[in-house]
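Quick notes on the structure that follows.
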Amino acid sequence: MPWSPLAALSWALVLRLLALLWPPGRGEACSCAPAHPQQHVCHSALVIRAKISSEKVVPASEDPADTQKMIRYEIKQIKMFKGFEKAKDIQYVYTPFDSSLCGVKLETNSQKQYLLTGQILSDGKVFIHLCNYIEPWEDLSLVQRESLNHHYHQNCGCQCRVPSQPPMSVSGQTGCWNGSSMGTRPSTMSA
């Protein structure tokens with residue numbers, strides 16, 4: 001049965017209304033694979049504890065044709081766990097302005113402290129995004145806090161699993177530091 005002009009117009013209006021009501025950025029999203037905190041520490045160039053003092057929207061580059069924006073967070077670095085050889089005292093961290101590009105929204109001018117993991121770009125800027133391990137300090141367990149100083153760095157060769165994944169095995173060893181043992185233990189899986 002062919003569509004009547006009135007039915008086609010009605011469907012066109014419904015589809016247009018849905019498109020208008022669709023939240024901005026909803027079709028584009030940042031997606032990150034789950035990872036154990038130890039993997040984040042091992043794969044990051046920088047791991048720090050910091051408070052966020054302020055934020056400012058800045059151009060992503062000095063190229064006037066580039067319309068991309070970034071958020072520059074001014075931070076007060078409390079402690080550095082990793083990155084000593086590449087940076088001393090970090091004053092700013094940068095993240096994409098748009099959450100669809102994995103930009104991070106952090107609280108400014110509060111007493112909240114964060115654990116930030118990130119990369120150091122070739123120009124020396126520290127870059128963070130949603131796929132990094134970024135957690136409020138108060139949400140970290142005591143074991144996680146202690147592991148930042150000791151265990152996470154010492155066992156970067158292991159393969160960690162997140163609770164939603166099946167166990168992994170590499171060279172006959174599985175696991176990561178979990179607070180009761182060093183993460184590399186003999187595998188019970190057959191190869």
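Throughout, residue positions are numbered sequentially from 1 according to the sequence presented.
- Contact check for L115 versus L140: side-chain heavy atoms found under the 4.5 Å cut-off.
- On the SG-SG cut-off of under 2.5 Å, C32 and C102 do not qualify.
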message = I'd like to know whether K51 forms a side-chain hydrogen bond (donor to acceptor under 3.5 Å, both in side chains) with N109, so could you lay out the CA-CA distance, the side-chain angles of the two residues, the decisive distance to 0.1 Å, and finally the verdict.
response = CA-CA 8 Å; K51 286 174 66 173; N109 292 321; over 6 Å; no
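- Summarising the geometry, atom CD1 belonging to I90 is positioned 14.0 Å from atom NZ belonging to K76; distances are rounded to the nearest 0.5 Å.
- Interatomic distance, OG of S53 versus CD of Q91, reported as 9.0 Å (0.5 Å rounding).
- With hydrogens and angles left out, the side-chain atoms of Y133 and Q144 include a donor and acceptor closer than 3.5 Å.
- Cys pair C131 and C30 fails the test of SG atoms under 2.5 Å apart.
- A parallel orientation is assigned to the rings of W137 and F81, their planes being inclined by less than 30° (bins at 30° and 60°).
- Grouping the Ile, Leu, Val, Met, Phe, Trp and Tyr side chains by contacts below 4.5 angstrom, directly or via other members, places I75 with I120.
- In this model, a donor atom of one side chain and an acceptor atom of the other lie less than 3.5 Å apart for S100 and D98.
- The hydrophobic clustering, which links ILVMFWY residues whose side-chain heavy atoms are closer than 4.5 Å, places I48 and L106 together.
- Cluster membership check: L46 shares its hydrophobic cluster with Y73, using side-chain heavy-atom separations under 4.5 Å among Ile, Leu, Val, Met, Phe, Trp and Tyr.
- In this structure, NZ in K82 is found 12.0 Å from NE2 in H40, a value given to the nearest 0.5 Å.
- L101 and I128 fall into different hydrophobic clusters, where Ile, Leu, Val, Met, Phe, Trp and Tyr residues are linked whenever their side-chain heavy atoms come under 4.5 Å apart, directly or through other members.
- Between Y94 and K125, some side-chain heavy-atom pair lies under the 4.5 Å cut-off.
- Side-chain N or O atoms of T117 include none that pairs as donor or acceptor with a backbone N or O of S44 at under 3.5 Å.
- The line from CG of N132 to CD of Q119 is 6.5 Å long, rounded to the nearest 0.5 Å.
- Atom OH of Y152 and atom CD of E146 lie 10.5 Å apart (nearest 0.5 Å).
- In this structure, NE2 on H151 lies 10.0 Å from CD on Q38, to the nearest 0.5 angstrom.
- Using a 4.5 Å cut-off between side-chain heavy atoms of Ile, Leu, Val, Met, Phe, Trp and Tyr, with links allowed through other members, Y114 and V41 fall into different hydrophobic clusters.
- The only member of K69, K105, R72 that meets salt bridge (charged side-chain N to carboxylate O under 4.0 Å, His left out) when paired with E55 is K105.
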